[in-house]
Amino acid sequence: MISEHSGGSEDSDDQARRRSELDAALRHTGDRIDRAARAAGRDPSAITLIVVTKFFPAADVELLRELGVRDIGESRDQEARDKLATVGERVRSAGGVRPVVHFVGQLQSNKARSVARYADVVHSVDRTRLVGSLDRAVANALEAGERERRLRVLIQIDLSTAGSDADQQAPRGGLRPGDRADRVDRLAERIQSAEHLDLAGVMAVAPRDAGVEATRSAFERLAGISAHLTSEHPDANWISAGMSGDLELAVASGATHLRVGSAILGSRPPAR
Ligand SMILES: *Cc1c(COP(=O)(O)O)cnc(C)c1O
């Protein structure tokens, strides 16, 4: 973390140290993605790395931007809103490219208005009520000049298996399709008929405490759902899966977007 003291050179030392730490971690993660893609016979450049910056300050987002990161992920509205306001000011005053902002956390309908002001993509749409809230929120934000484009959304799929204690205690959201593909179809139709939303694909988090084989089979299930979805909606071909601990398995199963936090920024306080 960057020091709060304004001791001039000490600050810039800290900043330089943090910058090289992030640089090394980005390279290391890039190597992991390259290796996993090559092993799967895939083109690494077809895989987008989203750096999840939740719990880390705007100063880190600035450094990541300087290091060429174009996509960042956030999961908590209030934190994201404040952080991105700071990043936005920096972009306006110092120039450079505003990052593409992915909202990846669980989203309550009453936060839709806020999220529509700063997010380019929402990964966690899992119910029709949220579709309506987001569509209206984007309409308002467009009208108010707070955003320029429509919102891309992904359908979040719950891959936890019934009976897993860890997942039951702290559900992470997501539509539970079970063996009913029509649940996904119906939500997809609803999104496609929303005036200001574009359906981009599917997203999932691997079940908690799952071993390699269970994680692999969960990601394969997600790939199957994606194949079904794209047969009706060919442009909705994103598969957002894979985090610090399981990105290789996600790449092997066809993930197009990886959401990586701790492997790049370091560990966070224990979750929730
Ligand atoms: C925090 C978070 C991530 C990143 O997790 P790491 O294990 O730190 O890479 C990815 N996806 C979602 C939905 C998250 O909330």
Side-chain angles (χ1 to χ4, degrees), residues 1 21-22 24-33 36 47-57 60-61 64 69-81 83-84 99-108 111 115 118-127 130 134 152-160 166-167 169-176 200-212 214-216 218-219 222 226 238-253 255-272:
M1 203 109 38
E21 210 171 84
L22 292 174
L26 278 171
R27 283 171 203 276
H28 179 68
T29 301
D31 288 345
R32 284 176 65 189
I33 297 169
I47 298 170
T48 301
L49 170 65
I50 300 165
V51 181
V52 180
T53 46
K54 66 184 182 205
F55 285 100
F56 289 91
D60 278 349
V61 178
L64 289 166
V69 169
R70 298 216 307 260
D71 292 79
I72 65 152
E74 286 287 336
S75 66
R76 304 184 309 165
D77 171 54
Q78 170 101 47
E79 175 191 338
R81 193 195 320 160
K83 200 183 298 181
L84 292 163
V100 176
V101 177
H102 300 254
F103 190 86
V104 302
Q106 285 182 56
L107 181 57
Q108 285 152 3
K111 299 284 169 63
V115 168
Y118 59 79
D120 298 288
V121 189
V122 169
H123 288 232
S124 47
V125 173
D126 58 2
R127 57 198 190 277
L130 190 51
L134 279 172
R152 286 187 150 139
V153 303
L154 306 183
I155 297 178
Q156 183 177 353
I157 307 290
D158 180 357
L159 295 176
S160 67
D167 285 313
Q169 278 163 23
R172 294 198 266 197
L175 179 72
R176 273 183 169 275
V202 291
M203 175 275 212
V205 180
R208 268 201 193 85
D209 304 331
V212 170
T215 302
R216 194 193 307 279
F219 286 155
L222 182 66
S226 168
W238 293 20
I239 302 178
S240 165
M243 319 201 317
S244 294
D246 56 20
L247 70 86
E248 284 85 359
L249 294 171
V251 168
S253 300
T256 61
H257 291 69
L258 309 174
R259 309 178 310 267
V260 179
S262 51
I264 293 168
L265 289 139
S267 54
R268 297 180 293 270
R272 290 177 276 274

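Note that this is a predicted model, so its numbers are computed, not measured. Start at 1 and go down the list; that is how both ligands and their atoms are numbered.
Nearest residue to atom 2 (C) of ligand 1 from Gln156, Lys54, His123 is Lys54 (criterion: closest heavy atom).
If you run salt bridge (charged side-chain N to carboxylate O under 4.0 Å, His left out) between Glu74 and each of Arg81, Arg259, Lys83, only Lys83 comes through. Only one option out of Leu154, Ile50, Val121 pairs with His257 in a side-chain contact (heavy atoms from CB on, under 4.5 Å); it is Ile50.
Remark: ligand 1 and Ser75 share no N or O pair separated by less than 3.5 Å (distance only, no angle test). Below 3.5 Å of separation, one finds no N or O of Met243 facing any N or O of ligand 1.
The two residues Val260 and Ile264 come nearest to each other via the heavy atoms CG1-CD1, 3.9 Å. The two residues Phe56 and Gly266 have their closest heavy-atom pair at CZ-O, 3.6 Å. Of all heavy-atom pairs between Gly173 and Gln156, the closest is O-NE2, 3.5 Å.
Ligand 1 places these atoms under 4.0 Å from at least one heavy atom of Arg259: 4 (C), 9 (O), 10 (C), 11 (N), 12 (C), 13 (C). Close contacts between ligand 1 and Ser262 involve ligand atoms 6 (P), 7 (O), 8 (O), 9 (O) [criterion: under 4.0 Å to a heavy atom]. Atoms of ligand 1 found under 4.0 Å from any heavy atom of Gly261 (numbered from 1 in listed order, with element): 4 (C), 6 (P), 8 (O), 9 (O). Heavy-atom proximity to Val260, at under 4.0 Å, picks out these atoms of ligand 1: 9 (O).
Between Trp238 and His102, the ring planes are tilted. Angles from 30° to 60° get that label.
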